[in-house]
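One structure below.
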Amino acid sequence: MTASQTPPHAARYPAGARAFPHRDLLGIGQLERHEILFLLDEAEQWVALNRQRTKHTDTLAGLTIINAFFENSTRTLLSFEIAGKRLGADVVNMHAATSSVKKGETLIDTAITLNAMRADAIVIRHGSSGATGLIADKVDCPVLNAGDGQHEHPTQALLDALALRHSLRERGAAADDFTGLTITICGDILHSRVARSNLLCLQALGATVRLCAPPALMPAGIEAMGAEVFHDFDAALDGADVVMMLRLQTERMSGQFIPSAREYHHLYGLTAARLEKAGKDALVMHPGPMNRGVEIDSDVADMIDRSIITRQVEMGVAIRMACLEVLTRRSRGVEGWGEAA
Ligand code: ASP
């Protein structure tokens with residue numbers, strides 16, 4: 001199936017550009033439920049392509065995508081690069097460590113420079129919350145947020161939803177939204193953009209979300225976003241269908257947030273014994289990078305029938321292909337999506 005053909009669940013969203021009317025992908029907070037479902041459905045064709053021997057299309061041939069990463073990344077940078085290349089685009093990576101940012105260039109000047117190079121899409125990771133939005137205001141092409149500070153990491157939440165949907169379907173679930181599911185997210189909720197984006201995404205898809213962290217690592221007032229808040233991990237796990245573990249974001253911590261890694265593991269580490277408290281066959285997720293022996297034990301991370309951590313990585317490439325393809329439809333003049341620039 002090509003990108004412009006009707007996706008499998010077309011009745012769920014409006015036709016043409018009204019299915020996804022945004023120029024940028026800055027956060028899950030900007031998306032309606034049907035727009036999330038649209039991106040997930042669009043990604044399915046790329047999951048299929050990525051499982052073939054020849055994983056290449058020329059859908060974005062002639063387009064230039066710049067991945068501007070001002071913060072470290074393994075999975076996200078690599079998968080955006082692979083996604084762009086599999087779609088046939090020219091992909092360029094800019095690492096802050098070797099860029100003029102180190103010479104004192106402001107974010108705005110960097111944005112103006114990237115814009116002058118006439119990129120067709122810019123993917124940005126930055127340590128400051130809101131930085132991607134700031135850049136989006138200064139450039140003429142779609143901007144994709146690959147993680148901005150503690151704010152949002154929308155493609156992570158989308159790939160998590162896609163991975164979960166695949167795993168639930170494999171287990172025979174007919175529904176492809178998450179109504180009736182209880183998902184426990186445990187870890188450094190305070191500093192985690194993954195927690196925020198996932199809370200918004202999973203709730204939009206119907207799930208009940210429990211957030212669990214020590215009091216010092218739980219944002220004040222997060223209940224207002226509809227989450228159930230726990231400080232006792234065993235209680236948060238009770239009957240959960242999915243357990244998503246998050247890393248301690250030590251790079252964002254100023255001062256001492258936990259007594260020690262050992263103590264943290266004792267109270268909030270996911271061990272095989274503790275997983276028993278969750279629902280029967282509960283699935284285990286982690287966005288990576290994992291700190292084995294701290295927030296998650298190796299035997300849990302590697303459980304073949306329960307852990308879907310490597311599937312999350314697989315789905316990351318497909319969801320990023322979908323986002324790049326959809327956001328460039330306007331400039332490519334895809335029928336129903338506006339004029340070619
Ligand atoms: N890779 C995710 C992020 O960039 C999670 C993490 O770093 O802990 O936010």
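Just so you know, ligand 1 is whichever comes first in the structure, and atom 1 is the first atom listed for that ligand.
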Salt bridge check: are [X] and [Y] linked by an N-O gap of less than 4.0 Å?
X    : Y    : result
R330 : E335 : no
R165 : D41  : yes
R252 : E71  : yes
E81  : R320 : no

Using a 4.0 Å heavy-atom cut-off, which part of Q156 comes near ligand 1: side chain, backbone, both, or neither?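 No part of Q156 is near ligand 1 at this cut-off.
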
What about [X] and [Y], are their ring centers closer than 6.0 Å?
X    : Y    : result
Y13  : H34  : no
Y264 : H266 : no
H126 : F69  : no

Residue and atom name of the nearest protein heavy atom (relative to atom 4 (O) of ligand 1), distance in Å to one decimal: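 Residue, atom and distance for the closest contact: R193 NH2, 2.8 Å.
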
Could you list which atoms of ligand 1 come closer than 4.0 Å to a heavy atom of [X]?
X    : answer
H153 : 3 (C), 4 (O), 9 (O)
R247 : 6 (C), 7 (O), 8 (O)
V194 : 2 (C), 5 (C), 9 (O)
Q249 : 6 (C), 7 (O), 8 (O)

When only distance counts, is R252 in polar contact with ligand 1, meaning an N/O pair under 3.5 Å? no

[X]: heavy atom below 4.0 Å from ligand 1, yes or no?
X    : answer
R125 : yes
P289 : yes
G288 : yes

